[in-house]
Amino acid sequence: MADKIWLSSPTMHGEEMEFIKEAFDTNWVAPLGANVDGFEKDVEDYIGGGIHAVALSSGTDAIHLALRIIGVKPGDIVFCPSLTFAASANPITYEGGIPVFIDSERDSWNMDPAALEKAFEKYPNPKAVISVDLYGTPAKVSEIAWACASRGVPMVDDAAEAMGSSFKKVPVCCFGMFGILSFNGNKIITTSGGGMLISYNPDLINKARFLATQAREKARHYEHKEIGFNYRMSNIVAGIGRGQMKHLDEHINRKWEIRRRYEEAFADIPEISLNPYLPETRPNAWLTCITIDPESPVKPLQVIEALEKENIETRPIWKPMHLQPVYRENDFIQVVDGVSVAEDIYNRGLCLPSDIKNTEEDMDRIINIVRGLFR
Ligand SMILES: *Cc1c(COP(=O)(O)O)cnc(C)c1O
């Protein structure tokens, strides 16, 4: 069997071990320590603009804390794109909120501002709006942020897949009241598992830090006036993050090389389109995805199976939330009723291997198999 080619696996560089070793040598295995503070500072410096960050055990936790601080209560409506990973929507449900799913546009595959307007007409008082930058591609964030701000509705940018992506040079995670990042196993950088909640407002981040450490009040005895969580990142895990931060830009450059390689390889196959992005944005190119023309006899499943047979990992496009059994009762807002862009992208698309450790030969193997199907 040929060597396995991964969709997007962790890429370690060695510095990660040095930070972990430092934690062992000083016995700061626990609790929070220098690596957590250092990792938060590294991310704050990278994003810039005076942003504040709190390191958490996952991106999902970060979304949960954002919604908790915004004050989502049972029965509250929260808008969220349908075309996303379930982790964008599930924290709404943790708080008893009701996700209302919004369709995608075709320019970036993210939340369609026109569908969002329709949602505001139908539900004028949502408690929050979650915007997602799918596959690292910035959404129409300035339109979405304005639609929210002009109504006084807080926006949370789920940039779990989009660390390092920007809209008109501004990092996408900075457009809302909160931004969230994930360092899960296959994201652009990884700590094995982890996330961050970011905001320009230090009070909100301090509040998140407090809630993430069991909402323990400042008192010698253990005093609690609120329900808290155990959501902080460990000092060992943060050491991996500090090492990875030295290589984030390098990872993004490699992801772009992969995307450009696919672009060139499929340039003469008109049935194949790469996942699009807005000209005023710079995606981090986390995953290169394709959609196949509806007229083409080749279907995404054939591509997935052909690559799988050769030990090459792919992934379907995220199955839209409004099609998930667990969310089948929830509303789904489209610009034109009955025309679902999210569903169309899901039906016609797939994610190609975008692992930055892929060699030229790996890329040739993948490309030859895909091209072979379209001959
Ligand atoms: C990965 C991901 C999350 C959740 O991050 P975790 O760190 O895995 O909890 C949330 N939203 C999107 C879009 C993601 O891809």
Side-chain angles (χ1 to χ4, degrees), residues 7-10 39-40 43 53-68 78-95 99 101-102 104 108-111 128-139 141 144 155-165 171-173 175-176 178-198 208 212 229-234 237-238 240-241 244 251 255 275 283-289 315-322 324 326-327 342 345-346 349 351 354:
L7 182 82
S8 182
S9 69
F39 186 33
E40 286 173 352
V43 172
V54 56
L56 303 168
S57 44
S58 75
T60 310
D61 296 347
I63 301 173
H64 188 197
L65 287 184
L67 297 180
R68 171 58 70 107
V78 177
F79 298 161
C80 174
S82 182
L83 191 65
T84 187
F85 180 45
S88 304
N90 288 344
I92 304 168
T93 312
Y94 300 166
E95 290 299 313
F101 296 111
I102 314 288
S104 296
S108 76
W109 293 4
N110 291 302
M111 184 189 272
V129 174
I130 298 173
S131 174
V132 181
D133 308 288
L134 212 65
Y135 300 121
T137 307
V141 265
I144 294 168
M155 194 264 258
V156 177
D157 198 289
D158 175 356
E161 302 174 1
M163 188 175 196
S165 302
V172 273
C173 48
F175 280 80
F178 288 105
I180 84 106
L181 301 169
S182 167
F183 313 110
N184 203 347
N186 64 14
K187 300 282 155 70
I188 192 112
I189 60 167
T190 183
T191 58
S192 74
M196 262 191 212
L197 182 66
I198 66 162
F229 303 89
N230 181 8
Y231 276 177
R232 280 292 254 161
M233 181 180 277
S234 96
V237 159
I240 308 176
Q244 288 271 288
H251 285 200
K255 292 283 189 185
N275 51 333
N284 65 5
W286 174 55
L287 292 187
T288 300
C289 309
R315 186 194 269 172
I317 299 296
W318 299 123
K319 181 175 175 179
M321 290 303 115
H322 73 276
Q324 300 288 354
V326 72
Y327 286 126
I345 294 168
Y346 167 64
C351 308
S354 307

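Every number for a ligand or one of its atoms is a count from 1 in the order of the listing.
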Trainee: Taking only heavy atoms of A87 into account, list the atoms of ligand 1 that are under 4.0 Å away from them.
Mentor: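 Ligand 1 atoms under the 4.0 Å threshold to A87: 3 (C), 4 (C), 10 (C).
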
Trainee: Please work out, at 4.0 Å between heavy atoms, whether the side chain, the backbone, both, or neither of S58 comes within that distance of ligand 1.
Mentor: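 Both backbone and side chain of S58 come within 4.0 Å of ligand 1.
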
Trainee: Please report the shortest heavy-atom distance between G185 and T190, naming the atom on each side.
Mentor: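 Smallest interatomic distance, heavy atoms only, reads CA-OG1, 3.4 Å.
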
Trainee: For atom 5 (O) of ligand 1, what's the nearest protein heavy atom and its distance?
Mentor: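 Answer, as residue, atom name and distance: S182 OG, 3.2 Å.
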
Trainee: Do S88 and D158 have a side chain donor and acceptor closer than 3.5 Å?
Mentor: yes

Trainee: May I ask you to check if ligand 1 and T84 share an N or O to N or O distance below 3.5 Å?
Mentor: no

Trainee: Could you pull out the closest heavy-atom pair between E40 and A53, with the gap in Å?
Mentor: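 The answer is CD-O, 3.6 Å.
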
Trainee: Do any heavy atoms of G194 fall under 4.0 Å from ligand 1?
Mentor: yes

Trainee: Assess the pair Y94 and H64: is the distance between their ring centroids shorter than 6.0 Å?
Mentor: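 Close enough - the centres of the two rings lie under 6.0 Å apart.
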
Trainee: Using a strict cut-off of 4.0 Å, indicate which atoms of ligand 1 neighbour a heavy atom of S88.
Mentor: 11 (N), 13 (C)

Trainee: Enter the distance from W286:CH2 to L134:CG here, rounded to the nearest 0.5 Å.
Mentor: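 Output value for this atom pair is 8.5 Å.
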
Trainee: Return the CG to CZ distance between D61 and R68, rounded to the nearest 0.5 Å.
Mentor: 12.5 Å

Trainee: In terms of relative ring orientation, are Y135 and W318 parallel, tilted or perpendicular, with 30° and 60° separating the classes?
Mentor: parallel

Trainee: Just to confirm my output: which protein heavy-atom neighbour is closest to atom 11 (N) of ligand 1, and how far is it?
Mentor: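 It is D158 OD2, 2.7 Å.
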
Trainee: Could you state the interatomic distance from SG (C173) to CG (L181), rounded to the nearest 0.5 Å?
Mentor: 5.0 Å

Trainee: How far is atom 1 (C) of ligand 1 from its nearest protein heavy atom, and which residue and atom is that?
Mentor: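 Heavy-atom neighbour on the protein nearest atom 1 (C) of ligand 1: K187 NZ, 1.5 Å.
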
Trainee: For the 3.5 Å polar cut-off, considering only N or O atoms, please tell me whether G59 and ligand 1 meet it.
Mentor: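 It does: an N or O of G59 is found under 3.5 Å from an N or O of ligand 1.
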
Trainee: Polar-atom distance check: W318 versus ligand 1, any N or O pair below 3.5 Å?
Mentor: no

Trainee: Starting from atom 15 (O) of ligand 1, which protein heavy atom do you reach first, and at what distance in Å?
Mentor: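 Ranked first by proximity to atom 15 (O) of ligand 1 is E161 OE2, 2.5 Å.
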
Trainee: Indicate the atoms forming the closest heavy-atom contact of P283 with P138, along with that distance.
Mentor: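 Smallest heavy-atom distance, with atoms named: CA-CD, 3.8 Å.
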
Trainee: What protein heavy atom is closest to atom 8 (O) of ligand 1, reported as residue, atom name and distance in Å?
Mentor: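 The closest one turns out to be N184 ND2, 2.8 Å.
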
Trainee: Only heavy atoms of A160, strictly under 4.0 Å: list the atoms of ligand 1 that pass.
Mentor: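 Answer for ligand 1: 2 (C), 3 (C), 10 (C), 11 (N), 12 (C), 14 (C).
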
Trainee: Report the part of T60 in contact with ligand 1, treating N, CA, C, O as backbone and CB onward as side chain, heavy atoms under 4.0 Å; options are side chain, backbone, both, neither.
Mentor: both

